[in-house]
Amino acid sequence: MKYLITGGAGFIGSNLADQLIENGHKVVVIDDLSTGRLENINHLSDNDNFEYHVANIMNYGLLEYLVEQADIVYHLAAAVGVRLIMENPVETIITNVRGTENVLEACSKHNKKVLIASTSEVYGKLQELNGGIDLLNEEDDWMLGPTSKRRWAYAASKSLDEFLSLAYYDEKKLPVVIVRLFNTVGPRQRSRYGMVLPNFVKRALLNEKITVHGDGEQTRSFTYIDDVTWALTELMEREGVFGQIYNLGNGEEISINELAELVKEKADSKSEIVHIPYEEVYGPGFEDMQRRTPDITKIQEAIGYEPQYNINEIVERVIKYYRTR
C-alpha cells in the first residue's frame, strides 16, 4: 500500500511514517516545515519506500497529484500548539480550514480513504460545565469560549474540519474517519510551541526552573506516540470506521504540578518548580481547561485499543530521548 501523510515531517507524522514503513508500506510525505523538521525524517531519505515533498497543502495541484498516487491519506498537517495559536491566529485558522478543505476535495475527487486528525480541544469547557465528573465522549455537546478569546481559534477551526469531513462523508460518500487526539507525547516532540512535557524535561535536564502555568492543579492525560501510531494504522485497516469520530488518548490523569514533580524526580534534577500566571505567558484574558480526559470506549470496541504506556514509562522514555540528544 502507498500512504500519503500531510504534515509528515512533524512529531506524529514522522513517527507514523516509521510505523508504516516498518509494516512494509510505501510512504509519501508533504510538509512545509513550518512546525515539522527534516531532522525527523532524514533517517528515511535513503529508503526506497519513502519520498518527501517540502511544500504547503495550499498548493492544490501538487496535493491532488500526491493524493491520486496514494491508496490511503493521513491528514495531520495543521497549525498546532497554544503558543503558535496565540501568536499567529490568522495562519492557524486558514491552515486548518482551507488546508483540510483541499485534502477532502482531492480525496473525494479520487475516492481515497482519509483519516483527519482532530483534537481534544474541540470539547472546550465541557468538563468544567458538568462538574468535571464525566469523561469526554464523542457524542457529548461541547462549549467553546467567546470569539474574543483567541485561545479558542484552534478548537473552532478543527471543529469546522470535523463538520466538513462528515459533510463529505454524507453527501459525497467519502470514506473519512476523524480522530480526536489527546496530548500525544514522545520522541521528536518540540517544546517550542508550548508542549508541556518536552518543556519540563528539557528544563529539568538543564537544572533550569520548571515553569508551571497557572496554579498547576489542572489535569491532563498523556498518550505515548507508539500507542497513537498503532491506533492510526489499525483504524485504516478496518471496515465500519468511516463516518465516525474516535477519541484517541489515555484515561490516566495527572495534574500539571504532579507532572512537574515526576519529571524532576525521574531526571534527578535540581530544578526549582515555579508558577507563572497565564496572563504573563499568553496575555490578558487567556482561558484554559481544568480537566480534559477522554472516554476511549468507542475506539476500544472498534480496534481493541488499549494504551500500553503509563505516565511513569512515558516520562522515562522522553527523558531518555532528550538525554541522548
Side-chain angles (χ1 to χ4, degrees), residues 1-78 80 95 99-100 102-103 106-107 110-117 175-177 179 181 184-190 192-193 195 198 223-238 248 303 305 308-309 314 317-318 320-325:
M1 299 281 282
K2 188 174 184 179
Y3 291 81
L4 172 64
I5 306 175
T6 72
F11 159 54
I12 297 177
S14 63
N15 279 281
L16 177 60
D18 287 343
Q19 179 73 60
L20 291 169
I21 288 175
E22 183 179 326
N23 291 348
H25 302 294
K26 294 183 177 180
V27 172
V28 178
V29 159
I30 180 172
D31 199 304
D32 66 0
L33 304 183
S34 57
T35 55
R37 294 180 294 171
L38 286 178
E39 176 186 343
N40 290 340
I41 55 175
N42 276 339
H43 63 287
L44 296 173
S45 59
D46 294 330
N47 192 307
D48 292 338
N49 287 329
F50 180 78
E51 79 178 70
Y52 70 91
H53 299 263
V54 178
N56 195 296
I57 55 174
M58 301 300 182
N59 182 344
Y60 184 78
L62 174 61
L63 176 66
E64 184 192 350
Y65 170 77
L66 296 178
V67 167
E68 183 180 10
Q69 302 302 310
D71 296 302
I72 293 176
V73 177
Y74 286 97
H75 177 44
L76 307 181
V80 295
T95 298
T100 299
N102 284 347
V103 170
C107 289
H110 298 285
N111 194 33
K112 303 296 183 178
K113 295 179 180 179
V114 56
L115 182 145
I116 303 295
V176 57
V177 59
V179 173
L181 298 167
T184 306
V185 293
R188 302 176 193 160
Q189 187 176 42
R190 304 174 73 182
R192 178 180 173 186
Y193 301 108
M195 306 307 184
T223 318
Y224 193 62
I225 184 64
D226 288 1
D227 286 330
V228 170
T229 56
W230 180 87
L232 293 179
T233 56
E234 195 71 17
L235 271 171
M236 298 307 280
E237 294 176 0
R238 300 296 180 96
L248 177 49
I303 63 173
Y305 169 77
Q308 299 299 303
Y309 299 90
I314 290 171
R317 283 171 172 260
V318 173
K320 181 179 178 180
Y321 169 73
Y322 276 104
R323 275 189 170 142
T324 62
R325 293 168 59 83

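Leu63 CG to Cys107 SG: the interatomic distance, rounded to the nearest 0.5 Å, is 7.5 Å. To the nearest 0.5 Å, atom CG of residue Leu181 and atom OG1 of residue Thr223 are 8.0 Å apart. To the nearest 0.5 Å, the span separating CD on Glu237 from CG on Leu232 amounts to 11.5 Å. Here the straight-line distance linking atom CD of Glu234 with atom CD1 of Ile303 works out to 6.0 Å at 0.5 Å rounding. Distance check: Leu20 CG to Phe50 CZ gives 11.0 Å after rounding to the nearest 0.5 Å. A distance of 10.5 Å separates OG1 in Thr95 from CG in Asn102, rounded to the nearest 0.5 Å.
Each of Asp227, Leu248, Asn15, Ile225 was checked for a side chain to side chain contact (heavy atoms under 4.5 Å, CB included) with Thr184, and the lone residue meeting it is Ile225.
Side-chain atoms of Asn23 do not come within 3.5 Å of backbone N or O of His25 as any donor-acceptor pair. Side chain of Ser14 to main chain of Gly8: no donor-acceptor pair is present (N/O by atom type, distance under 3.5 Å, no hydrogens or angles). The backbone N or O of Ala70 sits less than 3.5 Å from a side-chain atom of Lys112, completing a donor-acceptor pair.
Considering every non-hydrogen atom in both Pro198 and Tyr322, the closest pair reads CB-OH, 3.3 Å. The heavy-atom pair separating Gly99 from Ile57 by the smallest distance is CA-CD1, 3.5 Å. Leu76 and Gly13 make their closest contact through CD1-CA, 3.5 Å (heavy atoms, listed as atom of the first residue, atom of the second, distance). Taking each heavy atom of Ala55 and Ile30 in turn, the nearest pair found is O-CG1, 3.5 Å. The heavy-atom pair separating Gly7 from Ala77 by the smallest distance is N-CB, 3.6 Å. Between Ala9 and Asn40 the shortest heavy-atom distance is O-ND2, 2.8 Å.
Using a 4.5 Å cut-off on side-chain heavy atoms (C-beta onward), Arg188 and Asp18 make contact. For the pair Gln308 and Asp226, the minimum side-chain heavy-atom distance is 4.5 Å or more. Between Ile41 and Asp31, the closest side-chain pair of non-hydrogen atoms is not below 4.5 Å. The shortest distance between side-chain heavy atoms of His53 and Leu66 falls below 4.5 Å. Tyr3 places none of its side-chain heavy atoms less than 4.5 Å from the side chain of Leu16. Using a 4.5 Å cut-off on side-chain heavy atoms (C-beta onward), Tyr52 and Leu38 make contact.
Listed by chain and residue number, Arg37, Arg325 satisfy the side-chain contact (heavy atoms from CB on, under 4.5 Å) test with Glu39 (two or more places apart in sequence, or in another chain). Every residue meeting the side-chain contact (heavy atoms from CB on, under 4.5 Å) condition with Ala106, not counting sequence neighbours, appears here in chain and number order: Tyr60, Glu64, Val67. For Glu68, the side-chain contact (heavy atoms from CB on, under 4.5 Å) partners are His110, not counting sequence neighbours.
Relative orientation of the Tyr309 and Tyr224 rings is tilted, given thresholds of 30° and 60° on the angle between their planes.
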For a side-chain contact (heavy atoms from CB on, under 4.5 Å) check, start with the C-alpha distance between Met195 and Phe11, then their side-chain angles and the critical distance, and finish with the verdict. CA-CA 11 Å; Met195 306 307 184; Phe11 159 54; over 6 Å; no
For Arg317 and Tyr321, what are the C-alpha separation, side-chain angles and deciding distance, and is it a side-chain contact (heavy atoms from CB on, under 4.5 Å)? CA-CA 6 Å; Arg317 283 171 172 260; Tyr321 169 73; over 6 Å; no
